[in-house]
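Here's the structure, in structure tokens; my notes come after.
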Amino acid sequence: MKTIGFIGIGVMGHSIVENMMKNGLNVAVYNRTKSKTDELVHKGAVWKDTPQEVATASEIIFTMVGFPQDVDKVYFGEDGIFKADITGKILVDLTTSTPSLAVRLAEQAEKQGASALDAPVSGGDLGAKNGTLTIMVGGNEEAYEKVVPIFKTFGKTFNLHGTAGKGQHTKMANQIMIAGTMTGMTEMLVYAEKAGLKLEKVIETLGGGSASNWSMNNYGPRILKADYSPGFFVKHFIKDLKIALDEARTMEIDLPATRLAEELYSKLAEKGFENDGTQALIKLWWGAEG
Ligand code: NAP
């Protein structure tokens, strides 16, 4: 049976690998902090000492690290994936990263006789746990078709959006939408609380109407329990909004609402909440106690 490689065992990577293994796949893993792979190794994943070794041992290699600079390091760095013989292999980057880096990965992969797909996801930590992620893919169709059976082990909705980088552009479109739902939910709760409404009841009622959205339905209840754990890190959302705004600037379009969301989240990070989940935005109104 094919061995799948997976580099980056964080909030998302852990659950995705768990779902791959539940579906009978052999997985070789590597993470910067080794201890985060202990549980998966205990369940049957195989630890490798470097990204290069993961790539050598696997036919399809997934990466899901934090920031574009982490992606760069895992692929182009010393002991990186591109140091391995990857002829005929497929590299799949699930990190939310820049479209230009996705193009560079695909070009280098091609030079080495391999293929690369950019495949960022949406659906949060719960989507990863439940194996119901949405996957937005860029790259060549032949490689995409070969990876579809693996996508099925952790995703529910997946589409190829075009050549390398188009998966990341689709994810940016997604994050522009999320900027609206997160700020909308936050202001809705601030308003409803001041108006003396019962917030559980408000969330339940709005969830049945045209204001219903994923952010409110999933993060609203966490806020009411003062649960600000990630989820989806504030620092990662700021990274995404900055990428989206950079790309918008290049395309000469102005996105004022997204700009404001980026300013609000940066303010939250400056107050020391960058490692909270994105639902912590409400702390700008409700203070650190929640
Ligand atoms: P995370 O918990 O920080 O996971 C990232 C993992 O990558 C960490 O375990 C980190 O290692 C590892 N890593 C970073 N640089 C590395 C390197 N050079 N070599 C090996 N491992 C390295 O973050 P996450 O929430 O899983 O998110 C991962 C990516 O998915 C981000 O780009 C994020 O924007 C995106 N995303 C997240 C969500 C979500 O809801 N969480 C949803 C969609 C997309 P350490 O353990 O040493 O830190």
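Order of listing sets the numbers, starting from 1, for every ligand and every atom in it.
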Given side chains that start at C-beta, do those of Met216 and Thr181 come closer than 4.5 Å, heavy atoms only?
-> no
Output the list of atoms in ligand 1 that are nearer than 4.0 Å to some heavy atom of Thr95, sorted by atom number.
-> 32 (O)
Heavy atoms from other residues, nucleotides or ligands near NZ of Lys89 exceed 12 (cutoff 6.0 Å) | yes
With only distance considered, is Ile7 within less than 3.5 Å of ligand 1 through an N or O on each side?
-> no
Contact region, Phe237 to ligand 1, non-hydrogen atoms below 4.0 Å, reads neither
Winner among Val121, Ile16, Leu94 once heavy atoms are compared against atom 43 (C) of ligand 1 | Val121
Which part of Phe67 is near ligand 1, with near meaning a heavy atom under 4.0 Å away: side chain, backbone, both or neither?
-> neither
Taking both backbone and side-chain atoms of Lys73, is any N or O found less than 3.5 Å from an N or O belonging to ligand 1?
-> no
Arg32, portion touching ligand 1 at heavy-atom distance under 4.0 Å | both
Would you say Leu40 and Phe6 make side-chain contact, with heavy atoms under 4.5 Å?
-> no
Does any N/O atom on Gly8 come nearer than 3.5 Å to any N/O atom on ligand 1?
-> no
Contacting atoms of ligand 1, where contact means under 4.0 angstrom from a heavy atom of Phe233 | 1 (P), 2 (O), 3 (O), 23 (O)
Is it the side chain (CB and beyond), the backbone, both or neither of Lys171 that lies under 4.0 Å from ligand 1, heavy atoms counted?
-> side chain
Any Val54 side-chain heavy atom under 4.5 Å of Ile81 side chain | no
Could you grab the distance from atom OG of Ser97 to atom CE of Met64, nearest 0.5 Å is fine?
-> 11.5 Å
Min N/O separation Lys36 to ligand 1 under 3.5 Å | yes
State whether the number of non-hydrogen atoms from other residues, nucleotides or ligands found under 6.0 Å of Gln69 atom CD is greater than 12.
-> yes
Which ligand 1 atoms, with their elements, are less than 4.0 angstrom from a heavy-atom of Thr33?
-> 45 (P), 46 (O), 47 (O)
Give yes if a backbone or side-chain nitrogen or oxygen of Tyr30 is under 3.5 Å from a nitrogen or oxygen of ligand 1, and no if not.
-> no
When distances are taken from atom 11 (O) of ligand 1, the protein heavy atom at minimum range is Asn31 OD1, 3.4 Å
How far is atom 2 (O) of ligand 1 from its nearest protein heavy atom, and which residue and atom name does that atom have?
-> Val11 N, 2.9 Å
Should you measure from each heavy atom of Asp70, which atoms of ligand 1 turn up under 4.0 Å away?
-> 14 (C), 15 (N)
So, Asn26 and Lys2: side-chain donor and acceptor under 3.5 Å apart, yes or no?
-> no
Parallel, tilted or perpendicular: rings of Phe76 and Phe82 (30°, 60°) = tilted
Relative to ligand 1, is Asp125 under 4.0 angstrom through side chain, backbone, both or neither, heavy atoms considered?
-> backbone
So is Lys239 in contact with ligand 1, going by heavy-atom distances below 4.0 Å?
-> yes
Using a strict 4.0 Å threshold on nitrogen-to-oxygen distance, state whether Glu39 and Lys43 make a salt bridge.
-> yes
Nearest protein heavy-atom contact for atom 40 (O) of ligand 1: which residue, which atom, what distance?
-> Gly124 CA, 3.2 Å
For ligand 1, is there an N or O atom under 3.5 Å from any N or O atom of Met12?
-> yes
Can you say whether the rings of Tyr219 and Trp214 are parallel (under 30°), tilted (30 to 60°) or perpendicular (over 60°)?
-> perpendicular
Measure from NZ or CZ of Lys271 to the centre of the six-membered ring of Phe273, then state whether that distance is under 6.0 Å and the direction lies within 45° of the axis.
-> no
Closest protein heavy atom (residue, atom, distance) for atom 7 (O) of ligand 1 = Val65 CA, 3.4 Å
Donor-acceptor side-chain pairing of Asp227 and Ser229 below 3.5 angstrom | yes
Ile9 heavy atoms, cut-off 4.0 Å: which ligand 1 atoms fall inside?
-> 9 (O)
Distance from atom 35 (C) of ligand 1 to nearest protein heavy atom, with residue and atom | Thr96 OG1, 3.7 Å
Would you tell me whether Thr63 and Asp93 have side-chain atoms, one donor and one acceptor, within less than 3.5 Å of each other?
-> yes
Scan side-chain atoms only and decide if Gln52 and Thr56 contain a donor-acceptor pair under the 3.5 Å cut-off.
-> no
Report the nearest protein non-hydrogen atom to atom 17 (C) of ligand 1: residue, atom name, distance rounded to 0.1 Å.
-> Val74 CG2, 3.6 Å
Considering only non-hydrogen protein atoms, determine which one is nearest to atom 23 (O) of ligand 1 and report residue, atom name and distance to 0.1 Å.
-> His236 CE1, 3.2 Å
Check: Phe233 and Glu274 side chains under 4.5 Å, non-hydrogen atoms = no
The closest protein heavy-atom partner of atom 41 (N) of ligand 1 is Gly231 O, 2.9 Å
